[in-house]
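Reviewing the structure listed below.
Computed over heavy atoms, backbone and side chain alike; hydrogens, waters and symmetry mates excluded. So that the names make sense, note that chain A is the first sequence line, chain B the second, and so on, each numbered from 1.
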Protein chains: 2
Amino acid sequence: MRRRTVTMSDVAREAGVSVMTVSNVLNDRSNVGADTRLHVLEVVDRLGYEINLTARRLRSGRTGTVGLIVPRFDLHYYGELAALISDALAADRMHLVVEQSGASRERELSALSLARLQQYDGVLLGAVGLDTADLDRIHPDLPIVLLGEQDVPDRYHRVQMRNAAGARLATEHLISCGASRIAALGGKLTAPRPEMATYRANGWAGALADAGLDPRPDLVIPLHDYSIAEARATITDVLAAGLKIDGIFAVTDEVAIGALAGLNDAGLRVPDDVQLVGFDNLDISQHLTPGLTTIDPDRPAMVAEALRLLRRQLADKNAAPEHIVSTVSLVTRGSTRNSPCSACTDE
Amino acid sequence: MRRRTVTMSDVAREAGVSVMTVSNVLNDRSNVGADTRLHVLEVVDRLGYEINLTARRLRSGRTGTVGLIVPRFDLHYYGELAALISDALAADRMHLVVEQSGASRERELSALSLARLQQYDGVLLGAVGLDTADLDRIHPDLPIVLLGEQDVPDRYHRVQMRNAAGARLATEHLISCGASRIAALGGKLTAPRPEMATYRANGWAGALADAGLDPRPDLVIPLHDYSIAEARATITDVLAAGLKIDGIFAVTDEVAIGALAGLNDAGLRVPDDVQLVGFDNLDISQHLTPGLTTIDPDRPAMVAEALRLLRRQLADKNAAPEHIVSTVSLVTRGSTRNSPCSACTDE
DNA sequence: GTTTCGTAGTTTATCGTTACACTTTCGAGC
DNA sequence: GCTCGAAAGTGTAACGATAAACTACGAAAC
């Protein structure tokens, strides 16, 4: 039971060849005769040998593994993103592992230590609250692609979303559907550093201003963790406090789901009393009642671009950084009014 | 720019001590003088040294990392589970990484190869479609805890859910609320190997039989991927085909969410026309309209038990396997009828 | 007949740590 | 004065693989 795990030299001894030949067989290198190869493979099988990836990594530097760092495991957005990336990487015979950077800054820095990240061939960094100085610490020689809305120096490869444009699209749609008192739930007008919530609030404010409406600060309702529960409770509170609205732009679909629940709690109907638009086009959003009108960030395209940037860096460490901005589109469903046929724009 | 990464011997040379002393400092071993320690730490900081975890792992065998293998990244259940585990592991100064075993058996075997798993100090194996033979291949000397409903030999440590009991609880509740034609959406009466869908279908059948109702096979509606979209489409189909029901036990909350959408599509009201119960108590379920009555598997307790089993194996490789069965409870909300006050049993 | 070359291997030197065994110094104990 | 033990540190050999350089040998080239 306590048997030591089988190593390559066990296989070599048993097969009567050198360790290097075993390595050559297992890595499909060309300098092995056909019968030797078969014999080695037979011995590998018989002894149940499995390669030690740690040793291979130490020597060769390659791991075949890409890391994806997300803020939290239980955010639906990242779950869907991870599934897409994982499938796409399988084509390159690479493997995805996901780590959580965590809520606290301390845990974030620990998850993002160079030490951890260097275990991967490349890293996809989901929107995390790092500043430029933090990023610089992990810069050395590691292919990184930033996914999301951080505002970082040009030397980083990254794929961004058209946050402001999407928010504007959402808000314009609400206006065109007849809403005029439109809240930005989860938005922030100012923040120490630009982030998702500020970009999207800016898009909201721009659309209102263009329509001759006043983006009043009391219509910007900040959130902390953007959870469904927080959004629901917050909507309940602001309604109880007397805020009058006929439209809500929620900065994420999760926030919109919370808003929907809060509106229901208050006896307000969607879209009759209050219209609602989200942002992210989560899989679940189309299955709510009513279906959630939302902004689709075209995640498949984002993933494709991100992996292209990663492969480029893998192939050439000094590849010039690219800055991709993915397009967004409006998906209208039942949570806003003028969708003559909800199937039209639905996928 | 092309600078080599700093190694321990760079630090040692710069600090004028041996490599071992640097190692001793960084691992908080006791045989280092206070001033030497400070000096080494200063040099580490100055050179920006970060330990190479790969080398440490190869030499010491320890990684400080636990792997969680889940069937898919975009299943909400596993997202929530992963977040809980990650938080709990932080207390042990360990780190969680999540891998997806994937849809296809081929990718499953690759993700679960001993080679991959041996990179972790321990592995939590979420419900995956492995049979006993597969499990045996990855047995050697690796702390593993199985999470979920696999039917595996006693020598594996595992934490199970009371699947049948939960399904029975759900179905009994539907019956007590006046439903009599109750479908088991996503259930399976038979399968090559017992799995979640069969256990839960058995609980459903048991409850019906005990109540003197016939668990007719046409009320068992199988699913393949248990996605929201599939459940919605399937419900639409069976209703169109003329199936008459006044209650649905959905084998997971995601399936229930799809069922809810399908019922809405068909113009059926929940709970007035059809009552609905799910299983898993996802975070989102309480925020649906109506709130979803469901079975709560007490994930925090499951996680605590799973980590206890893991720690036991970490401390003693030959720890006797334990087989924990976690308790389930009913959470009643608006999707079933007699919840006099939905807040009562809600969290 | 000698040189060249391609095929099929082997040998050796690491990759960056840590385990283990060893040395040195110094104060306490008798 | 001498032994003993603890404290503080050093040297060497792995951990298990791979890169790179090298060998042996038969066939083709000239």
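Rounded to an integer number of Å, the gap from A/Leu47 CG to D/dG16 P is 15 Å. Between B/Asn52 atom CG and C/dT18 atom P the separation is 9 Å, expressed in whole Å. Rounded to whole Å, the distance from CG on B/Leu53 to C1' on D/dC15 is 16 Å. Between A/Leu58 atom CG and D/dA14 atom P the separation is 17 Å, expressed in whole Å. When the C1' atom of D/dA17 is taken as reference, atom CD of B/Gln118 falls 14 Å away, rounded to whole Å. A/Leu26 places its CG atom 13 Å from the P atom of D/dA19, with the value rounded to the nearest Å. The CZ atom of B/Arg13 sits 15 Å away from the P atom of D/dT10 (whole-angstrom rounding). Residue B/Asn27 contributes atom CG, which lies 13 Å from atom C1' of C/dG16 at whole-angstrom precision.
In this model, the phosphate group of C/dA19 is approached by a side-chain N or O of B/Arg29 to a distance below 4.0 Å at OP1 or OP2. The side chain of A/Thr36 contributes an N or O atom lying less than 4.0 Å from OP1 or OP2 of C/dG9. Between A/Thr21 and the phosphate of C/dT10, there is a side-chain N or O to OP1/OP2 separation shorter than 4.0 Å. Between B/Asn24 and D/dG9, a side-chain N or O to OP1/OP2 separation shorter than 4.0 Å is absent.
Set against D/dT12, C/dG9, D/dA19, the side chain of A/Asn31 has C/dG9 as its closest nucleotide. Taking the side chain of A/Met20 as heavy atoms from C-beta on, and the options C/dG16, D/dA17, D/dA19, the nearest nucleotide is D/dA19. Taking every side-chain heavy atom of B/Val19 into account, C/dT17 is the closest of D/dT18, C/dT17, C/dA19. Distances from the side chain of B/Ser60 to the nucleotides D/dC15, C/dT18, D/dA17 place C/dT18 closest.
Contact check for B/Leu81 versus B/Arg299: side-chain heavy atoms found under the 4.5 Å cut-off. No side-chain heavy atom of A/Val98 sits under 4.5 Å from any side-chain heavy atom of A/Ile85.
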(request) Check the pair A/Ser23, A/Arg29 against side chain to side chain donor-acceptor pair (under 3.5 Å), reporting the backbone distance first and the verdict last. (result) CA-CA 8 Å; A/Ser23 174; A/Arg29 284 185 274 254; 2.7 Å; yes
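A donor-acceptor contact under 3.5 angstrom links the side-chain atoms of A/Arg59 to the base of D/dT18. For B/Arg57 and C/dT17, a side-chain-to-base donor-acceptor distance below 3.5 Å is absent, hydrogens and geometry of angles not being considered. In this model, no side-chain donor or acceptor of B/Arg56 finds a partner on the base of C/dT17 within 3.5 Å.
A donor-acceptor distance shorter than 3.5 angstrom exists from the side chain of A/Asp121 to the backbone of A/Gly64, with no hydrogens or angles considered.
Within the 4.0 angstrom heavy-atom criterion, only backbone atoms of the sugar-phosphate kind lie near B/Ile51; the bases stay farther away.
We find the CG-CZ distance between A/Leu53 and A/Arg62 to be 14.5 Å, quoted to the nearest 0.5 Å.
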